[in-house]
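Below is one structure, written out as structure tokens; the observations come after it.
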Amino acid sequence: MFRTSRDAIQRIARSVLERLSQRGAVRPLRDDDAILQGLIQALTEELRRDEDRLEAARSNVAGQRRPPRPGSAEFDRLVRDILDSEYERLDLG
């Protein structure tokens, strides 16, 4: 995974708000800044949770009886398998 900067999160949130407004999908009851801050907060929290899930999966693989070397293809495959099952469990996949 990669770290997303605050600027990138703000650009994504602004883009989402613009697209929703253009399509008439939403009619804001609040000003755009309040909606934008809510989007930024939601994106930031979800990315943090995703980072936590990734760290837990890495820990799980590293804690195995005979773990593969971190960074190896086998290690990455096991981490991805754990993440995929977690996303399925959470209905995020």
- Considering all heavy atoms of both residues, which atom of P67 and which atom of A62 are nearest to each other, and what is their separation?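 Shortest heavy-atom contact: CG-O, 3.5 Å.
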
- Between F75 and G71, what is the shortest heavy-atom contact and its length? CD2-N, 3.9 Å

Approximate separation, where rounding is to 0.5 Å, of [X] [atom1] and [Y] [atom2]:
X	Y	atom1	atom2	value
E18	L36	CD	CG	9.0 Å
L83	L78	CG	CG	11.0 Å
R19	S15	CZ	OG	4.5 Å
I9	T44	CD1	OG1	3.5 Å
L39	D32	CG	CG	10.0 Å
R14	D7	CZ	CG	9.5 Å

With a 4.0 Å cut-off, would you call [X] and [Y] a salt bridge?
X	Y	value
R80	D84	yes
R49	D52	no
R48	E51	no
R77	E74	yes

- Item | Side-chain heavy-atom pair Q37, I40 within 4.5 angstrom cut-off | yes

- Task: Could you point out which residue of I82, D81, D76 forms a side chain to side chain contact (heavy atoms under 4.5 Å, CB included) with V61?
- Result: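 Of the listed options, the one satisfying the test is I82.
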
